[in-house]
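Everything on this sheet refers to the single structure shown next.
Every heavy atom of this structure was used, including side-chain atoms; hydrogens, water molecules and symmetry mates were not. For this chain, numbers begin at 1 and follow the sequence in order. Just so it is clear, the model here is predicted, and its values are computed rather than measured.
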Amino acid sequence: MCGITGWVSYDRDLRSEAAALHAMTETMACRGPDDSGTFAEGPAALGHRRLAIIDLPGGRQPMTAGTPDGTVALVYSGETYNFTELRAELTGRGHRFTTDSDTEVVLRGYLEWGDAVAERLNGMYAFAVWDGRHDTLVMIRDRMGIKPFYYHPTPDGVLFGSEPKAILANPLVRPRIGLDGLRELFTMIKTPGHAVWDGMREVEPGTVVTVGRSGLTTRTYWRLETRPHPDDRDTTVAAVRTLLEDIVRRQLVADVPRCTLLSGGLDSSAMTALAARQLAEQGETVRSFAVDFAGQSDHFVADELRGTPDTPFVHDVARLARTDHQDIVLDARTLADPAVRRKVIGARDLPAAFGDMDASLYLLFRAVRDQSTVALSGESADEVFGGYRQFFDEESRRADTFPWLLMAGRNFGDDSDIVRPDLAKALDVEAYVADGYRTAVAGIDRLDGESDFEYRMRRICHLHLTRFVRVLLDRKDRMSMAVGLEVRVPFCDHRLVEYVYNTPWSLKSFDGREKSLLREAAADLIPRSVYDRVKSPYPSTQDPRYARALQDQAKDLLARPSHPVFDLVDREKVRLAAHREAAPVSTQAARHGLERALDLALWLDLYRPELSLS
């Protein structure tokens with residue numbers, strides 16, 4: 001896991017641009033605290049920051065290979081879980097390896113197969129290859145979009161990086177955002193390719209982007225396709241279990257300390273139990289970590305989102321799986337600390353409106369990083385197996401919009417509620433979302449004979465796997481890499497995603513509950529309490545002291561009436577929320593607007609973007 005960046009400029013020799021390349025590379029230092037390196041040759045310059053996971057001494061980057069026709073150089077972020085098999089195949093084809101790293105396997109794979117190497121990789125990755133034989137840059141991103149990858153075309157080439165901050169560090173780029181960028185910022189629809197910042201794009205998941213002297217081309221090497229599912233229930237459950245066992249075994253491979261992130265839900269519990277069983281075969285004990293809030297278990301109050309606290313279920317799993325477990329307990333003062341908010345915004349490059357859930361995730365990862373370098377997470381199982389309430393809510397099922405937006409609106413209100421009325425009118429978020437939805441569902445194929453209901457559920461599953469999951473994967477990547485922790489996501493293995501996506505909804509929910517297939521596949525691994533537990537989202541603090549701290553910070557902001565945040569948000573709405581009785585603001589929904597306003601203000605202070613509001 002690492003941070004990559006680079007610059008291709010066909011009109012100049014980039015060996016003279018070492019300072020700019022260094023500045024771009026150093027923005028990725030948190031992603032790669034162990035090492036750094038650069039490569040410059042003619043029109044190409046590549047930068048790399050390394051988090052050493054496999055072959056600690058041998059995996060330095062940029063990694064190069066000399067050929068009779070020119071140098072081929074690679075910068076790579078991520079992990080290829082089937083690198084051992086690919087290495088054996090490439091050795092059989094005459095390649096000779098000088099390291100034990102998966103990076104060299106990817107480089108040699110590119111020399112053998114070109115950009116078709118992507119179709120052979122199982123893993124999470126974003127990498128760029130400068131091919132000096134043809135003077136082309138090839139950028140490739142994993143199928144599910146687990147690893148971030150951004151690029152910015154220029155008049156004579158391209159800039160790229162793991163995060164926008166790497167591109168923004170180049171003197172050619174100015175931090176600008178227009179109405180379309182703000183529309184993306186104030187929705188949660190993750191338009192493919194959209195990067196919010198003007199002129200910047202994302203390499204879309206499952207895509208190859210090639211840059212040459214004649215311009216830029218894209219090729220999709222993977223998409224979520226509709227196929228018949230011939231297996232019955234028992235066969236399907238067994239297939240899910242077999243896939244999970246293979247996936248977890250592959251993703252436990254590392255030359256550094258590993259652990260699991262345990263929430264007490266079905267997803268993380270199944271994954272932790274599998275990891276514990278497999279490591280026990282090697283005489284090892286898996287370490288597990290969970291986040292909790294001071295006093296939460298003793299004073300928990302059930303609400304519409306969360307019916308039970310996590311900690312009792314976490315401890316049930318830890319006892320049964322015999323993990324070496326630790327709760328990371330956070331207090332309200334730490335969660336509300338503006339310095340933590342600054343770290344979160346700086347990690348995400350944008351004010352993402354997850355509030356204390358981002359702060360607690362960052363703090364959890366920071367504590368975990370003191371003891372482990374690799375963590376396995378249960379992220380994405382809800383999207384794969386159908387775990388969210390909107391999968392079962394009749395209004396969400398029937399609505400011609402992104403289903404999660406309806407549920408978010410009920411629980412948190414509309415993000416545009418806090419926006420100035422004149423800006424809200426200019427944004428017209430409702431029309432933007434409607435256009436995005438029509439585009440998103442247009443390419444979802446229907447099976448011959450598929451019922452209207454099954455096709456409706458197929459569309460909902462597809463939207464979650466191609467849009468919503470990317471919001472959460474980006475969040476997890478940014479918060480973890482901000483502290484140099486590699487988080488792996490077994491439920492995003494494309495083999496599992498393809499198989500379960502094409503399982504009919506009647507099988508996905510055969511017992512009338514969420515994630516029926518996963519529950520049965522893991523039934524012998526998890527405590528009965530977890531087997532029976534209803535889905536509960538990522539935890540949020542209920543401590544009124546956190547709400548009061550937000551209100552105090554909002555009052556300080558209101559004392560600066562010329563702050564540019566008031567070009568975006570309605571000052572009167574912020575004032576009302578800041579002076580409301582503290583107790584009602586203690587719920588996540590009630591304080592959402594305050595968190596949004598404070599995030600926006602800090603983002604404007606940090607990045608000073610040029611905003612085009614007309």
Any side-chain heavy atom of Ser162 sitting closer than 4.5 Å to one from Phe149?
no
Count the heavy atoms belonging to other residues, nucleotides or ligands that lie under 6.0 Å from CZ of Arg459, then report whether that count exceeds 12.
yes
Cation-pi check, Arg87 onto Phe97 ring (under 6.0 Å, within 45° of axis):
yes
Side-chain (Ser269) to main-chain (Gly265) donor-acceptor, under 3.5 angstrom:
yes
Taking every heavy atom of Phe491 against every heavy atom of Ser380, the minimum-distance pair comes out as CB-C, 4.2 Å
Going by salt bridge (charged side-chain N to carboxylate O under 4.0 Å, His left out), Asp358 matches just one of Arg348, Lys343, Arg596, Arg342. Which one?
Arg348
Side chain to side chain donor-acceptor pair (under 3.5 Å) filter on Ser480, not counting sequence neighbours, yields none
Exactly one of Lys476, Arg470, Arg478 clears salt bridge (charged side-chain N to carboxylate O under 4.0 Å, His left out) with Asp474, and that residue is Arg478
Evaluation steps, salt bridge (charged side-chain N to carboxylate O under 4.0 Å, His left out), between Arg141 and Glu202:
CA-CA 10 Å; Arg141 191 177 183 193; Glu202 273 193 311; 3.7 Å; yes
Any residue meeting ring-ring contact (aromatic ring centres under 6.0 Å, His included) with Phe391, in chain and number order, not counting sequence neighbours
His464, Trp505
Where do Lys508 and Glu514 land on the salt bridge (charged side-chain N to carboxylate O under 4.0 Å, His left out) test, with the steps shown first?
CA-CA 8 Å; Lys508 285 192 182 84; Glu514 75 276 7; over 6 Å; no
Met144 backbone acceptor or donor facing Trp222 side chain under 3.5 Å
no
Flag, side chain of Arg60 to backbone of Asp35, donor-acceptor distance under 3.5 Å:
no
Are the side chain of Thr323 and the backbone N or O of Val286 linked by a donor-acceptor pair below 3.5 Å?
no
Residue pair Glu119, Arg219: steps toward the salt bridge (charged side-chain N to carboxylate O under 4.0 Å, His left out) verdict
CA-CA 12 Å; Glu119 294 151 44; Arg219 177 178 75 84; 3.0 Å; yes
When you check the gap from the basic side-chain N to the acidic O, do Glu245 and Arg241 get nearer than 4.0 Å?
yes
Trace of the side-chain contact (heavy atoms from CB on, under 4.5 Å) decision for Tyr125 with Ile140
CA-CA 8 Å; Tyr125 45 84; Ile140 298 177; 4.1 Å; yes
Return yes if some donor-acceptor pair links the side-chain N/O of Ser372 with the main-chain N/O of Arg369 below 3.5 Å, else return no.
no
Check ion pair Glu163-Arg31 (N to O, under 4.0 angstrom)
yes
Flag this pair as yes if the NZ/CZ of Arg533 is under 6.0 angstrom from the six-membered ring centre of Phe313 and inside a 45 degree cone about the axis; otherwise no.
yes
With sequence neighbours left out, what residues match Asn170 under side chain to side chain donor-acceptor pair (under 3.5 Å)?
none
Going through the checks in order, is the side-chain contact (heavy atoms from CB on, under 4.5 Å) test met by Leu86 and Thr84?
CA-CA 5 Å; Leu86 289 174; Thr84 302; over 6 Å; no
Between Asp131 and Tyr110, does any side-chain donor sit less than 3.5 Å from a side-chain acceptor?
yes
Determine whether the side chains of Tyr221 and Asp115 contain a donor N or O and an acceptor N or O closer than 3.5 Å.
no
Lys/Arg-Asp/Glu bridge criterion (N-O < 4.0 Å) met for Asp349, Lys165:
yes
Please answer whether the main-chain N or O of Asp356 pairs with a side-chain N or O of Glu595 as donor and acceptor at a distance below 3.5 Å.
yes
State whether the side chain of Arg250 and the backbone N or O of Pro490 hold a donor-acceptor pair below 3.5 Å, judged by distance alone.
no
Short side-chain to backbone donor-acceptor contact, Thr503 and Tyr499, under 3.5 Å
yes
In terms of side-chain geometry, is the basic nitrogen of Asp382 or Lys515 positioned less than 4.0 Å from the acidic oxygen of its partner?
yes
Determine whether the aromatic ring centres of Tyr538 and Phe354 lie less than 6.0 Å apart.
no
Is it the case that Arg458 places NZ or CZ above or below the six-membered ring of Tyr501, under 6.0 angstrom from the centre and within 45 degrees of the axis?
yes
